[in-house]
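A short worksheet on the structure shown next.
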There are 4 protein chains.
Amino acid sequence: METPPDTTPGSPSGAAPSGQPLRKGAKSQKELVEIAIDCFARYGYQGSSVDRIAKAAGVTKGALYYHFKDKEALLAATVADRVAAFEHRVQQAVSGASCPQALRRIASVCIDHAQLGDHPRFAITLMVESIETNAEVSIQLREMMRRFRAFIRNLISTGQDRGEIRPDADATAAAAAYNSVILGAEIQYYQDPDRFAFKPAIETFLDQLLVDLTRGMPTTDATSGGELKE
Amino acid sequence: METPPDTTPGSPSGAAPSGQPLRKGAKSQKELVEIAIDCFARYGYQGSSVDRIAKAAGVTKGALYYHFKDKEALLAATVADRVAAFEHRVQQAVSGASCPQALRRIASVCIDHAQLGDHPRFAITLMVESIETNAEVSIQLREMMRRFRAFIRNLISTGQDRGEIRPDADATAAAAAYNSVILGAEIQYYQDPDRFAFKPAIETFLDQLLVDLTRGMPTTDATSGGELKE
Amino acid sequence: METPPDTTPGSPSGAAPSGQPLRKGAKSQKELVEIAIDCFARYGYQGSSVDRIAKAAGVTKGALYYHFKDKEALLAATVADRVAAFEHRVQQAVSGASCPQALRRIASVCIDHAQLGDHPRFAITLMVESIETNAEVSIQLREMMRRFRAFIRNLISTGQDRGEIRPDADATAAAAAYNSVILGAEIQYYQDPDRFAFKPAIETFLDQLLVDLTRGMPTTDATSGGELKE
Amino acid sequence: METPPDTTPGSPSGAAPSGQPLRKGAKSQKELVEIAIDCFARYGYQGSSVDRIAKAAGVTKGALYYHFKDKEALLAATVADRVAAFEHRVQQAVSGASCPQALRRIASVCIDHAQLGDHPRFAITLMVESIETNAEVSIQLREMMRRFRAFIRNLISTGQDRGEIRPDADATAAAAAYNSVILGAEIQYYQDPDRFAFKPAIETFLDQLLVDLTRGMPTTDATSGGELKE
DNA sequence: TATGAATGAGTCTTCATTCAT
DNA sequence: AATGAATGAAGACTCATTCAT
C-alpha cells in the first residue's frame, strides 16, 4: 500500500497569481486549499499526511498550521470550496434552460468536470471515506447531495408545471435515478478510465429518462440529446 | 476524525460453533475474514488498524498475524471472499431467467445485499480507496467490475439473439448505465439511508431501461417490473 | 538489515543417525543443537529468532521448547558444545608433539576449522555479541579464551623446561600474541574470504614467533614450518 | 539476555555547547551520531533499539527520525564517521615516519584508541554482526579493512624501496599478520580487559616482526620498540 | 513427543501537532 | 509569515513464550 510521491505541481489552477511574485514556497491560502484538494481527492483524508500535502505545496508543515488550525480545518476548507464550486457550476448550467435541456446540461457539466480533472474524485472519495469517520464532513457532503437531488427534483416538478414533463412522473425517484447514474458512472470512470464507457452510459440513461418523462408531451429539441455531443 | 470503537460482535455467523471450544477468543480464519470485511467496509483499509480488527474479533494482533502474513494479505483475503460471494450471488440470480427477468433479479440481489447489511459497502469503499494506494486490490476490483459489466452486456446480447431485446440496442452502453445506477444508488444509500429513495431509484431506471430495450418486441411479464416487490 | 532465509539443511553433520529413521521433522536434541549453532554462528543470537532456528531444523517452535527451557538454554547448549569440541580438538592436536610442533599444529587446526565450515564463526560471533548482553555466555567464552591462553602459555613454559624454547622468552605475552593472530585472522577471513591471505598471515606470524622463541636453541624440524602445508 | 539501561551521558564531547540553548534535550546531528556509535559499539545494531539510542541521547525517537530516515541511515552515518576517523588517525600517525616507526606508531594508535574508549569496539562489533545481516555496512567495513591492509602493505613496500626493510619480505603476508594481531588483541581486550595482556601481545609481535623485516638491514632506532611505552 | 494457535511485550516507523525563533 | 526541531501517541509487525491437545 505505498503511494507514489506527488509531483510538485506549480499553481495548479493555471495562470500564476497576478501581481507580486511570491517568494520561495510561499503560497496563498487559496493555493494551499487547491493542493490539498488534489491530495485528498487522490489519496483520501487518511492517505494524505500533512507532510505530504506540505511537500506537494512546496512549503513546510508549519506553514500549513499557520493557515489552518489543524488537519480537519484544512479538510473543511477544501470541502467547502468544492461544494460551492460544484453548486455554482450547476447553477450556471441551468440558467434559462427548459427542464430537459437542463438535465442534459448538468450531466454534461458533470462529465466535463470528471474528465477535465479539475479536482475530480474529491467528493466521491471523501463521501465514501467520511461516512463513518468524520461526522462533520459526512453531513456537509450529505447535505450537498440532498440539495442536488432536491434541485433535480425541482427541475422536474417545474417542468411538470410548465407542461414539459408528464405530470404523473415520480420526480423524486427520477432525480434519485439521475443522481445515481452520474455518481456510479463517475466512480467507474475513475476506476477504469480506459475501458468504461463513461459518456455513452450517461447518454443512454438520459435518452431513456427523457423519453419516459416527456411521454405524451409536445416534443422539444432537447429531448433528442443533441447537446451532449462533444 | 475519531471513529467509535467497534462493539465486539459474537460469532457473526449466527450460532456458536458446537463442539471443540478453542482458546479464549479463538476465531477461525474464516471468521477473522468476516470481521475484517466489516471493518474495511466501514472504515476503509487505512481506517482499520490491525488492532481495531483484532479487537473487533476478540483476539490479539498476534493472532491475526499468525493467520495472515500482513495487513495486505488480510485485505486480499477479504477482497477475494467478497468478489467470489458477489459473483456467486449474481450467478444464482440469473439461472434460467429471461434477459429482462435477469436484469430485474440482479438489481434485486444488489438491493437486498446493500440493505441487509451482509457486508455492504465493502466493494465500494475499497474500490474508491484503493485506486491510488493499492494497485493489486484496485486491479482485482476493476476486473470484477469489468466482468460484471461484461456479464450484463452478454445478458443483453443473448436477449437480442433470443428476440427478447430489440436488436439495435447498444448492449455495452446499456450495461454501463445499469452498473452505474446500482453503484451510484448504493453509495447514496450508504451515505443517507433515511432519505435516499434507494429502491425507487433503481426501479425507475429499470422500468425505463426495459421499456427501451424491449421496444417493438413481443411483451413479456418481466417487462412490467413485478418482481422487485420486497 | 534483512537476512536471507536459511536453506533447510538436512542432517548437517553428514551421516544420518543410525538405527530408527526419525519421523517427519523429528530431530534429536543433538541435531537441534547443531542447527542452532549454524544459525547463531551466522546471524548471532539476536539475529536468530526461535522461529528461524525451528524452520531451519524443520520442526516447530514447540519442539524446540520441548527440548530447551528457553532460547538462552538453547544458546547455553550450543556454547557448551562448541567449547568442548574446540578444546577436544586442541588436545588432540598437541598430543606427543614438541612445543614448536604443537604451536604449528594448533594453528593448523584453527585454520582448518575456520575454512572447513564446521561451525566456524560461532565463537567469535557470540563472543563479540555477548560481551554486554549475556553475562553467562560471556563468562563461559572468556573462560574458554583464558584456558586457551593458559594452555599455550603452558606449552611454551614446558618447552622452556624441556630446552626447546629460550628460557628468557615471555610465555604470557607470546601466548597472547599467538591467540591474537589466530583470532584476528579468522575474523578477517570471515569478513573477506576471497581477499584475505588467511594462511600466509598465520604462517608469517608463526615463523617469526618460532624464530624468536627458539633463538639460540638447538634446531628442531618443526621450527621451519613444514607442517602447515595443506 | 537483559542489557543494562544506558546511563544518560551529558554532552559526550566534554563541555556543554556554549551559546544557543536548543529545546529540551535537543542534540545536534553530530552528537546523535556519537551516542549512536556508543550504543552500536556496546550492544551491536540489533541490540540497540532506536528507543534505547534515543533515551541515551535524551531525546525521543521522533527526534532521531527527524534527522535520520531510518535506523539503517543512522547506522550508515555512524559507520562513515568511524571509518573516516580511523583513517584520519592512521594517516596522522605515519606522517614523516620511517616504515618501522610507522608500524609502531599505528599499533600505538590502535592501542590507545581501544583503551581510551573513544568509540572502541565499534568496528569489530559491527564487522562481525553485519557479515550476514547488512550487506552495505559489511561492504563498507570490508573496504576499510582492505584499505588498511593495503596501507600497511604499501608502508612495507616503500620501506623495501628505501632500504629499511629486507627486499625479500612478503609485504602482503606481513600486513595480514599485522592486522590480525591488532584485531585479535582488541577483541580479547574487550572481552577480558583485566586479564588480557593487551600491550605486551602487540609489542611481542611487533618486535618479532621488525626483527624479521629488518634482518640484514642497517639498524634504525625504531626497530627496538622504544616508542610503545606509555 | 510435538503441533497449532495464541499472547503480550517490544521494535521500527509515521504522523498530527507544537513551539522557539 | 514561515521554518526547523522536536514530541508523543499510534500503527504495523516481530518475537519469545505458553498451552491445550
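Chain A is the first sequence line, chain B the second, and so forth, proteins listed ahead of strands; every chain is numbered from 1. Just so we're clear, the structure is a prediction, and the values are computed from it rather than from any experiment.
Atom P of nucleotide dT7(F) and atom CG of L64(D) are separated by 9 Å, given to the nearest angstrom. Rounded to a whole Å, the CD atom of Q29(C) is 10 Å from the P atom of dA2(E). Remark: C1' of dA6(F) and CZ of F68(D) are 14 Å apart, rounded to the nearest angstrom. With rounding to whole Å, D51(C) atom CG is found 16 Å from dT18(F) atom P. Rounded to a whole Å, the CZ atom of R52(D) is 19 Å from the P atom of dA9(E). If you measure from atom CD1 of I53(C) to atom P of dT14(F), you get 17 Å, rounded to the nearest angstrom. Between the NZ atom of K55(D) and the P atom of dG8(F) there is a distance of 11 Å, rounded to whole Å. One atom, CD of Q46(C), and another, P of dC15(F), lie 11 Å apart when rounded to the nearest Å.
Look at Y66(D) and you'll find a side-chain N or O under 4.0 angstrom from OP1 or OP2 of dA5(F). OP1 or OP2 of dG4(E) has not a single side-chain nitrogen or oxygen of H67(B) nearer than 4.0 Å.
Considering E129(A), E72(A), Q46(A) in turn, E72(A) is the only one that fulfils the side chain to side chain donor-acceptor pair (under 3.5 Å) rule with N134(A).
Mapping K71(C) and G62(A) onto DNA chain F by nearest heavy atom places G62(A) closer to the 5' end of the strand. Heavy-atom nearest nucleotides on DNA chain E were determined for L32(B) and for S48(D), and the one closer to the 5' end corresponds to L32(B).
Taking a pair to require two hydrogen-bonding distances under 3.5 Å in either a Watson-Crick or a G-U wobble arrangement, dT18(E) pairs with dA5(F).
Picking from dT11(E), dA6(F), dT17(F) the nucleotide with the shortest atom distance to the side chain of S49(D) gives dT11(E). Considering only side-chain atoms of A63(A), the nucleotide from dA6(F), dT17(F), dT3(F) that sits closest is dT3(F). Nearest nucleotide to the side chain of V50(C), out of dA2(F), dA16(F), dA2(E): dA16(F). When distances are taken from the side chain of Y65(A) to each of dT13(E), dA16(E), dT3(F), the shortest belongs to dA16(E). Closest to the side chain of K61(B), out of dA6(E), dC13(F), dT3(F), is dC13(F).
Residues T125(D) and G44(D) come closest through the heavy atom pair CG2-CA, 3.7 Å.
Two residues are said to be in side-chain contact when any heavy atoms from C-beta on lie closer than 4.5 Å; L32(A) and V59(A) meet this criterion. For the pair V50(D)/I53(D), no side-chain contact is recorded, criterion being any heavy-atom separation below 4.5 Å from C-beta on.
Distance check: K30(D) NZ to E34(D) CD gives 4.5 Å after rounding to the nearest 0.5 Å.
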